[in-house]
2 protein chains.
Amino acid sequence: MARRAAPVLHRDNPDKEPLSGHVKVTPEDWLNVARDLLVSEGVAGVKVLAIGERLGVSRSSFYWYFKSRKHLLEALLDDWEARNTAPILDHCDLPAANISWAVCNFFRCFVDPDLFDASLDFAVREWSRRDGKVRNRIDAADAQRLAAVTAMYERHGYSAYEAEARARILYFMQCGYHALEVREPMQARTARLEGYLLGFTGVHPDPEAVAAARAFAQGKMPR
Amino acid sequence: MARRAAPVLHRDNPDKEPLSGHVKVTPEDWLNVARDLLVSEGVAGVKVLAIGERLGVSRSSFYWYFKSRKHLLEALLDDWEARNTAPILDHCDLPAANISWAVCNFFRCFVDPDLFDASLDFAVREWSRRDGKVRNRIDAADAQRLAAVTAMYERHGYSAYEAEARARILYFMQCGYHALEVREPMQARTARLEGYLLGFTGVHPDPEAVAAARAFAQGKMPR
DNA sequence: ATTTCTCTGGACAAGACTGTCCAGGATCGC
DNA sequence: GCGATCCTGGACAGTCTTGTCCAGAGAAAT
């Protein structure tokens with residue numbers, strides 16, 4: 001009896017469009033729902049049955065696309081890394097007239113959900129507490145991001161020592177904000193940036209920081 | 001057949017010493033191990049069987065002390081609230097010569113695990129993402145803590161607006177630090193405080209901030 | 001010593017989840 | 001059309017979990 005080949009992660013023809021006119025799912029469908037569940041329920045909530053139900057598909061169909069739940073989780077981790085690493089590094093490298101605008105650039109990542117999925121980031125962070133491999137990967141990501149912010153401060157004239165301290169304040173504060181899942185309207189959030197910039201640039205009142213923060217809060221983007 | 005009364009949360013004589021010379025557990029034992037598991041494994045890891053095994057006791061014994069797993073979780077939440085709320089508020093209210101020392105006082109909570117159990121705090125925070133009731137309680141705790149830090153800045157001469165901004169920077173940064181579970185020796189941690197204080201007080205170099213941070217890093221306590 | 005109360009262990013039922021096996025419908029290449 | 005291949009549904013086994021029931025050991029009360 002000719003049995004099928006061992007299940008693979010992706011179909012043999014991944015570039016092909018989904019087969020027309022019939023209810024079928026793709027590995028991406030499984031992955032997307034899995035990501036949703038990871039964010040909303042935690043890694044323990046990423047259950048094969050739950051995903052299948054939401055897709056309207058039998059549970060056993062899953063094992064055609066993924067070898068096991070463990071392989072799905074690995075794919076999920078790769079997916080996260082591909083999404084949430086680059087945007088922060090890119091925005092730190094953006095040219096800016098002064099440090100206040102540079103900080104605004106950094107903030108922009110965390111304000112725009114298309115640029116950086118904070119919920120996903122924290123779901124992975126939570127997951128990392130229970131899995132050493134995940135922990136290592138997110139540690140590497142944090143190190144990269146901190147290095148990028150530090151370099152940003154250094155480009156604007158801060159010493160290595162002070163650049164690192166301010167980078168940590170900035171990045172940790174932003175992570176803390178998301179860790180606490182502060183619930184406030186976007187307007188309140190951007191309005192607070194002025195205060196933050198004052199806190200960061202320190203010399204109060206700093207006309208440059210005030211101008212940058214007010215403009216940013218009104219939707220103007222740097223440069 | 002005379003059956004026992006319905007299981008209660010605590011024994012009828014809670015003030016009495018544990019029965020001598022015999023292996024018995026107390027509700028506190030169950031609670032302590034449950035707290036450990038909450039921190040290390042997350043709320044999903046708080047399993048009756050796992051706790052019982054670590055106590056060297058049968059699983060069914062649990063149901064003598066607690067009505068159900070749900071009741072254990074409620075007790076766990078009360079326990080957290082009793083531990084981690086007061087210390088921060090107290091340390092924010094401590095008298096300090098200047099704002100730098102006041103910030104040092106605040107940092108002291110987060111440096112000393114006896115004063116504030118950050119791991120427990122974040123375990124509860126993670127738990128709150130999946131449970132609305134937990135979420136409400138931790139939101140209230142965050143609001144109280146932020147208000148205390150804000151009041152601290154105001155007592156040292158900052159305007160209400162700037163006090164709130166700096167309080168948020170300070171508290172969020174600290175939470176972010178713990179959310180990322182930065183792994184570094186205590187020495188490196190306190191040594192960085194100087195940089196942080198510079199960042200917070202802003203006017204650089206600020207002799208007061210430098211003096212406070214250096215003294216604090218060397219183990220000297222405020223006042 | 002006897003009774004009563006407190007607490008534990010073992011057996012049981014029920015439900016949730018993972019992973020396997022296989023029949024067979026749907027679709028594609030020819 | 002027709003065979004080969006892709007994909008799904010249903011049944012099954014095995015494991016882990018919570019919660020119940022009850023016999024009975026051990027300490028305390030009398």
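By convention in this document, chain letters (A, B, ...) are assigned in the order of the sequence lines, proteins followed by strands, and residues within each chain are numbered from 1.
- Following rounding to the nearest Å, A:Lys47 (NZ) and C:dG15 (P) show an atom-to-atom distance of 16 Å.
- Along DNA chain C, the nucleotide nearest to B:Gly56 and the one nearest to A:Val46 differ in position, and the one closer to the 5' end is contacted by B:Gly56.
- In this entry the distance linking CD1 of A:Ile51 with P of C:dG19 reads 11 Å, nearest Å.
- Put simply, A:Ser61 has a side-chain N or O that comes within less than 4.0 Å of OP1 or OP2 on D:dT8.
- Of the candidate nucleotides C:dT18, C:dT6, D:dG9, C:dT18 has the atom lying nearest to any side-chain atom of A:Val48.
- Note on B:Arg108 versus B:Asp112: no salt bridge recorded, every NZ/NE/NH1/NH2 to OD/OE distance being 4.0 Å or above.
- No hydrogens or angles considered: nothing links the side chains of A:Asp117 and A:Trp80 as a donor-acceptor pair under 3.5 Å.
- Whole-Å rounding puts the A:Tyr65 OH to D:dG9 P distance at 10 Å.
- Side-chain N/O atoms of A:Arg59 and base N/O atoms of D:dG9 include no donor-acceptor pair closer than 3.5 Å.
- Contact annotation: side chain of A:Ser60 to base of D:dG10, donor-acceptor pair present below 3.5 Å.
- The CH2-C1' distance, from A:Trp64 to C:dG19, rounds to 16 Å in whole Å.
- Side-chain N/O atoms of B:Tyr63 include none lying less than 4.0 angstrom from OP1 or OP2 on D:dT18.
- Straight-line distance from the CD atom of B:Glu28 to the P atom of C:dC7: 12 Å, rounded to whole Å.
- D:dT17 atom P lies 14 Å from atom CZ of B:Phe62, rounded to whole Å.
- Using a 3.5 Å distance cut-off with no hydrogens or angles, the side chains of B:Tyr171 and B:Asp142 do pair a donor with an acceptor.
- Remark: A:Arg137 engages A:Asp78 in a salt bridge, criterion side-chain N to carboxylate O under 4.0 Å.
- For the pair A:Leu49 CG and C:dT18 C1', the interatomic distance rounds to 10 Å; values are reported in whole Å.
- Here CZ of A:Phe122 is found 8.5 Å from CD of A:Glu181. Values are rounded to the nearest 0.5 Å.
- In this structure, B:Arg69 atom CZ and C:dG15 atom P are separated by 18 Å, rounded to whole Å.
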